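Position 1 is the first residue of the sequence; numbering continues from there. In this text the structure is predicted, and so the values were computed from the model without any measurement. For ligands, and for the atoms within them, numbers begin at 1 and follow the listed sequence.
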Amino acid sequence: MSSRPPIHGAATTASLVSATLGRESSSSNKAQHDAAASTSTASAANPPRGKRIVIKLGTSSILSSLTNQPKLSVLSSIVETCAALRKDGHSVVIVCSGAIGMGRLRMGLNEKPKSVGERQALAALGQVRLIALWDSLFAQVGISVAQVLLTRNDLGDRPRFENAKTTLSTLLSLPFSSIPIINENDTVSVSELRFGDNDTLSAIAAGIVDADYLFLCTDVDGLYTGNPNSNPNARRLGVVRNVALARKAVSVDTPGSNFGTGGMQTKLIAAELATAAGVATVILNGNQPTNILSVVARGLPALDADQRLPNSDQGMVSSISSLLDAEELSKVGYPPILDPPHTLFLPTSEPLAQRKWSLLHALHPAGTLVIDEGAFARISKPESGGRLLPAGVVGVEGTWERMQAVRIVLRRHRIASSAEATGTNVERDALHHSQAIQESMSAAALARRGLTTFIKSSDGSGATTPIHLAGEDQHAHLAEPVLTRDAPSELDWELIEVGRGLANYSSIESERIKGIKSSQISTVLGYADSSYIVDQLALMPTEGAPSAHRSATKGRG
Ligand SMILES: N[C@@H](CCC(=O)OP(=O)(O)O)C(=O)O
């Protein structure tokens, strides 16, 4: 992730920081690097850097489902926990739900709001109470809080994303050194522009502030394979190294709360987003917030790089367990059963750079550019520089202005998807020369993702021949492979999201320049601000992954 401004918390003490640092090694993860730097070089000139910690509090952590009243003792404990973290040099951001619940409490309503208007009105009535409560509690320990309300739209383009980042960084730095308290701006969020749950919002906030830890506080002790209240065989996951694989071990029957909108599914999505940004993510019980201190003090297991999973392996690794087992943990001096109880998701060993992570996960895409296979082959090459020419664009969907984020969706033969699914065979009756060009481009793109494309004989013998990739470069100059057979029917195509980027042209302009050469842009539009239709393009770590953003649908050609 990118560099950050220095953190100025309260005066640091040796206690928790040194306990944390002492456990960590020179493993590849960001937190460990930071910690190692702190232990070895701490001096007045180079003060130890505390952790940046995001704490997400669900409605169930704030309000009692029995009395509907604020859990004052829990809230006070959160305040004491945050004060202790800051005293030890860490900085804290809170993402707090509960505006609608507080609004219901204020207005004496037992029922959940039915209409959007009611929800928005209750959020407006409740948010003021919520922040007033926090303000008065934190004032007791001399800490200033700052209210930050965000919508998806506020993170819709790079300038607004950077604004949010600057505001949060400034709030955490001197002379402010405050605790930002973030919530979704429910009063103006409409359904398609909502985060919907604060788990996702907290993961995005953790990525924005370049956090070391994200704590997802909920009403159970961690992530269980089933509902521990009804299933005696449900067990809590300990240290998870791959969220996508862990998801498979978890039943949909995991508990959520009555008050909130999230559940374990949204926590898994949040963990996936945050760990991809290099943020260790912890699910624990919000009724014992002081447990956060112990988890931060213990630090992360000191693993070698090969014991961790890189981001690009999400969903594709079967040989390594998604969980660290007791033996692996004891080897690195880590308890096999986590006490206090929680589930720890390790950050990926190769966190995405923040620019790429924000494009893939944080910026809200305003629309879609559909590209052909030739264009996909070109943008898959490092030398493409993350830029897309208009020539390879075959479709424009949605409405956007310049510099807004857009999805890049590959339109490819449905047949090619079987290559991805099986990793081996493509059935094909015959290949015309021009089709072979297109196949080789597609095969090359798949090969760069570790997949091989084969031609399977149609004589029933089952013989397969790998597509030879040597010719790929000699065809790379072709702007658009030419098909000699009839255009495929719409059933022959499938659409799959392969990345995201920032649009250099609005959707209206993009519609006019799609499929043309860059040299023709000024003729068509009367001006040409860029030869590329998209800049700063980020491809998904593996094709179409992560699953939360996967969009594989059959569509029109
Ligand atoms: N923004 C909403 C929170 C949405 C919500 O319920 O989230 P959560 O309790 O975390 O599942 C509110 O403040 O009421």
Enquirer: Honestly, is Arg52 close enough over Tyr213, meaning NZ or CZ under 6.0 Å from the six-membered ring centre and within 45° of the axis?
Expert: no

Enquirer: Could you establish whether Asp186 and ligand 1 come within less than 4.0 Å of each other, counting only heavy atoms on the residue side?
Expert: yes

Enquirer: Within ligand 1, which atoms have a heavy atom of Gly58 less than 4.0 Å away?
Expert: 9 (O), 10 (O)

Enquirer: Determine, using heavy atoms of Gly98 and all atoms of ligand 1, whether some pair is separated by less than 4.0 Å.
Expert: yes

Enquirer: Evaluating non-hydrogen atoms only, which member of Thr266, Val95, Asn183, Thr200 is closest to atom 13 (O) of ligand 1?
Expert: Asn183

Enquirer: Is the closest heavy atom of Lys56 to ligand 1 under 4.0 Å?
Expert: yes

Enquirer: In plain terms, say whether Arg152 and Glu184 are close enough for a salt bridge, that is, a side-chain N and a carboxylate O under 4.0 Å apart.
Expert: no

Enquirer: Using side chain to side chain contact (heavy atoms under 4.5 Å, CB included), reason through Ile62 and Cys96 one step at a time and then give a plain yes or no.
Expert: CA-CA 8 Å; Ile62 302 296; Cys96 183; 3.6 Å; yes

Enquirer: Please tell me whether Thr151 and Asn185 have a donor and an acceptor in their side chains that are separated by less than 3.5 angstrom.
Expert: no

Enquirer: Would you check if the side chain of Ser178 reaches a backbone N or O of Pro180 as a donor-acceptor pair within less than 3.5 Å?
Expert: no

Enquirer: I'd like the name of whichever of Ser61, Cys96, Ser97 reaches closest to atom 8 (P) of ligand 1 through any heavy atom.
Expert: Ser97

